[in-house]
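Letters A, B, ... are given to chains in the order of the sequence lines, protein chains preceding strands, and every chain is numbered from 1.
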Protein chains: 2
Amino acid sequence: MTGAIPMETSTARPAARPMRADARRNHDRLVGEARRSFAEHGTDASLEDIARRAGVGIGTLYRHFPNRDALMNAVFQDALCSLLTRSRELAAAEAPCRALVEWLGAIVTHAGEYRGLAHALMSASRDATSPLTQCHQPLREAGAGLLRRAQESGSVRDDVSIDDLLQLTNAIALAAEQSPDDPELTDRLLRLTLRGLK
Amino acid sequence: MTGAIPMETSTARPAARPMRADARRNHDRLVGEARRSFAEHGTDASLEDIARRAGVGIGTLYRHFPNRDALMNAVFQDALCSLLTRSRELAAAEAPCRALVEWLGAIVTHAGEYRGLAHALMSASRDATSPLTQCHQPLREAGAGLLRRAQESGSVRDDVSIDDLLQLTNAIALAAEQSPDDPELTDRLLRLTLRGLK
DNA sequence: ACCTGAACACCGTTCAAGT
DNA sequence: ACCTGAACACCGTTCAAGT
């Protein structure tokens with residue numbers, strides 16, 4: 001019955017029609033080249049360079065990705081997917097506290113994967129409309145579940161929120177990024193934070 | 001005897017000759033206008049704007065301050081001085097742990113005073129030659145003393161360094177800056193960190 | 001000695017013209 | 001429908017000419 005409500009059809013997103021062959025190819029080349037450039041120069045790599053190296057006009061880049069966040073998003077989507085899978089595995093694990101700790105470690109590692117990503121994540125968290133924030137939303141919810149479980153089991157304080165934890169993990173990733181000569185900084189800061197969770 | 005070693009005279013910095021009157025005036029106007037602009041637009045405010053508002057050519061700005069860090073440094077020197085004074089008071093305080101906690105709070109507040117400052121401090125900490133790092137050196141040493149005292153009194157773990165703490169406080173200030181709608185974030189994150197110090 | 005501002009190099013973004 | 005690249009706006013930095 002409810003499934004037959006007419007509004008459904010207007011609310012449902014239009015079927016994503018397949019891209020024209022050349023558009024599809026350009027799209028993929030851009031994402032690939034952006035991944036290379038981000039890895040090499042950080043996430044503030046020149047967009048013009050990326051377009052040129054992908055053998056495409058700068059306008060084409062903007063047609064596919066209206067802003068830098070959208071491009072970053074496309075680049076990080078793979079990593080995001082596997083993180084989400086891992087999150088769901090952890091949600092089913094026995095020890096709630098250990099699961100949360102592992103999840104936080106994975107988040108820090110992710111944020112530190114590309115130079116500039118941690119900073120972008122922190123800035124993006126301000127507005128909910130940013131594609132970067134949108135795509136991290138499911139991950140945030142998975143983390144919220146892990147945190148709640150750990151709190152209910154009594155192993156983590158009640159007065160911390162998932163947003164506090166995410167801000168802190170991003171901050172730790174950023175700090176580590178600024179001190180590349182100290183590879184254990186991340187671990188030390190994370191351990192410090194975890195102790196504070198009680 | 002040792003006071004009479006001739007090398008002394010060559011090592012001593014040359015007496016800072018007084019600036020020409022117009023140069024002095026331009027210098028002061030630039031610093032004043034930079035403070036205004038940094039407060040309004042963050043520390044990445046346009047240098048050209050600052051020069052124009054100070055009624056000075058852009059070349060004059062560069063003559064006085066070879067790079068943005070140097071200008072920021074001049075702007076923040078006052079705050080730095082009072083922080084250093086406060087640090088020395090705290091070093092003489094009775095309770096070593098409370099002193100350290102207060103100091104860290106003051107540091108976070110300082111780093112959050114201007115939008116962009118926390119980030120600049122984190123980036124600058126990479127190279128010891130940056131004027132921003134140079135000027136924070138005495139402050140770092142004061143903090144190291146406070147930390148050592150707290151550790152010797154047994155109230156703080158031995159396996160944390162002053163650099164870890166500074167990275168973390170800068171990171172917390174940065175996180176707070178990105179969430180202006182949550183004025184208590186700084187306090188919560190700082191408390192969390194402090195608990196981790198044991 | 002110090003100041004000025006035109007000139008240069010660079011980057012992000014838009015949009016009219018082309019296929 | 002999609003692509004191209006010239007054009008625009010902006011910013012940091014330098015340097016020859018001026019006082």
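- Not one side-chain nitrogen or oxygen of N26(B) sits closer than 4.0 Å to the OP1 or OP2 atom of dC2(C).
- Note on residues 140-159 of chain B: pairs passing side chain to side chain donor-acceptor pair (under 3.5 Å), not counting sequence neighbours, are R140(B)-D163(B), S153(B)-S155(B), R157(B)-D159(B).
- Residue V75(B) shares its hydrophobic cluster (ILVMFWY side chains chained together at separations under 4.5 Å) with L30(B), V31(B), F38(B), L47(B), I50(B), V56(B), I58(B), L61(B), Y62(B), F65(B), L71(B), M72(B), F76(B), Y114(B), L117(B), L121(B), L132(B).
- With sequence neighbours excluded, the residues that form a side chain to side chain contact (heavy atoms under 4.5 Å, CB included) with R36(A) are E33(A), E40(A), R53(A).
- Within residues 46-70 of chain A, the residues that have a heavy atom under 4.0 Å from DNA chain D are, in order of number, V56(A), G57(A), I58(A), G59(A), T60(A), R63(A), H64(A).
- Rounded to whole Å, atom P of dC11(D) lies 16 Å from atom CG of L71(B).
- Summarising the geometry, the separation between CZ on R25(B) and C1' on dC2(C) is reported as 12 Å, rounded to the nearest angstrom.
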What N/O pairs connect the protein and nucleotides 16-19 of chain D at under 3.5 Å? Give each pair on its own line.
none

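- Residue pairs meeting the salt bridge (Lys or Arg N to Asp or Glu O under 4.0 Å) criterion with at least one member in residues 81-92 of chain A, sequence neighbours excluded, are R86(A)-E89(A), R86(A)-E102(A).
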### Summary
Dot-bracket for DNA chain D, 5' to 3', Watson-Crick and G-U pairs with both distances under 3.5 Å, [ ] for crossing pairs, | for partner on another strand, reads ||.|||||...|||||.||

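- Applying the side chain to side chain contact (heavy atoms under 4.5 Å, CB included) criterion to R20(A), with sequence neighbours excluded, gives D22(A), A23(A).
- Annotation: Q137(A), atom CD; neighbour count of heavy atoms from other residues, nucleotides and ligands within 6.0 Å is above 12.
- Listed by first and then second residue, the ring-ring contact (aromatic ring centres under 6.0 Å, His included) pairs that reach into residues 117-159 of chain B are H119(A)-H119(B), H110(B)-H136(B), sequence neighbours excluded.
- The list of ring-ring contact (aromatic ring centres under 6.0 Å, His included) pairs with a residue in residues 148-172 of chain B, not counting sequence neighbours, is empty.
- Pairs engaging residues 139-178 of chain A under the ring-ring contact (aromatic ring centres under 6.0 Å, His included) rule: none recorded [sequence neighbours left out].
- Residue pairs meeting the ring-ring contact (aromatic ring centres under 6.0 Å, His included) criterion with at least one member in residues 173-198 of chain A, sequence neighbours excluded, do not occur.
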